[in-house]
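Only this structure's heavy atoms are used, side chains among them; waters, hydrogens and symmetry mates stay out.
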Amino acid sequence: MSSVVQGFTKSLAMTVLSEIGDKTFFAAAILAMSHPRRFVLTGCLSALIVMTILSAVVGWAAPNLISRTWTHHITTALFFGFGLWSLWDAFHNEGGESEELAEVEAKLGGNSKASNGAKNGGNKDDDELKKQQRPLLAQFFSPILLKAFSITFFGEWGDKSQLATIGLAADENPFGVVLGGILGQALCTTAAVLGGKSLASSISEKMVALSGGLLFIVFGIQSFLSPVE
């Protein structure tokens with residue numbers, strides 16, 4: 001039970017500090033400005049949950065393919081590496097508005113303007129009526145939901161948080177890692193969707209990177225001092 005709780009708390013803390021200020025966080029905030037929030041939240045959160053489960057499964061399977069000793073040492077090295085990476089970002093990324101926010105805005109800007117233009121054309125009421133009349137299944141597979149899902153899923157693929165989740169699941173209870181990761185993703189994504197760009201642009205990326213870097217270093221020290229089970 002203690003292993004589940006430890007995996008849960010580590011995964012929750014790591015996910016929150018990794019996802020706040022991430023590209024997928026900004027993408028959710030920007031998409032929610034011009035699309036129905038329920039579709040954006042469902043699409044983004046579904047992608048993050050799927051990614052968390054896949055990462056935990058890979059981490060759980062790793063010790064069965066490689067010796068437990070090697071996976072333990074690799075996980076320890078990953079924690080130290082990600083910690084130093086985050087600290088480097090914290091002290092070398094200067095400037096006002098987040099570069100990642102600007103990058104995501106540039107990618108989504110064209111679609112957002114087109115969407116806003118359509119809404120300003122006087123057809124907003126008709127569009128809402130059509131959405132309400134559509135079958136539930138059609139609403140679930142709406143283009144907006146699928147767009148939010150795909151942007152988030154492929155944005156997370158190979159990301160630092162995904163690799164860290166794999167490493168954490170290899171060293172901790174994977175069930176606790178999944179629960180903590182899903183809760184952390186839900187908190188961050190909901191905050192992004194409800195807060196929008198005003199919240200995203202007010203986040204101190206330096207403080208988030210600094211906190212995340214220190215957390216990874218602590219995880220690395222704890223993993224280094226822990227005996228291989």
Got a sec, which pairs hit salt bridge (charged side-chain N to carboxylate O under 4.0 Å, His left out) with one end in residues 6-17, sequence neighbours left out?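 The answer is Lys10-Glu172.
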Under 3.5 Å donor-acceptor, [X] side chain and [Y] backbone:
X	Y	value
Ser11	Gly181	yes
His35	Val40	no
Ser223	Phe219	no
Thr15	Leu12	no

Working to the nearest 0.5 Å, report the span between [atom1] of [X] and [atom2] of [Y].
X	Y	atom1	atom2	value
Thr189	Glu19	OG1	CD	7.0 Å
Phe8	Leu183	CZ	CG	5.0 Å
Leu41	Leu31	CG	CG	11.5 Å
Ile221	Phe216	CD1	CZ	14.0 Å
Phe39	Lys147	CZ	NZ	14.0 Å
Leu145	Ser150	CG	OG	9.5 Å

Would you say [X] and [Y] are hydrophobically clustered, going by side-chain heavy atoms of ILVMFWY under 4.5 Å?
X	Y	value
Val218	Trp85	no
Phe224	Leu78	no
Phe80	Ile74	no
Met14	Leu48	no
Leu225	Leu214	yes

Work out which heavy atom in [X] is nearest to a heavy atom in [Y]; give both atom names and the distance.
X	Y	result
Thr165	Val177	CG2-CG1, 4.0 Å
Gly212	Ser86	C-CB, 4.3 Å
Cys44	Ala28	SG-CB, 3.8 Å
Thr152	Thr24	O-CG2, 3.7 Å
Gly184	Val16	CA-CG2, 4.0 Å
Ser46	Thr42	OG-O, 2.6 Å

Ile53: hydrophobic cluster co-members (side-chain, 4.5 Å):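 Cluster partners of Ile53: Leu45, Ile49, Val57, Val178, Ile182.
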When clusters are formed from ILVMFWY side-chain contacts under 4.5 Å, directly or step by step, what else is grouped with Leu54?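 Val50, Met51, Phe149, Phe153, Phe154, Trp157, all in the cluster of Leu54.
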Do the side chains of His72 and Asp171 get nearer than 4.5 Å, heavy atoms only?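 Asp171 reaches His72 side chain to side chain.
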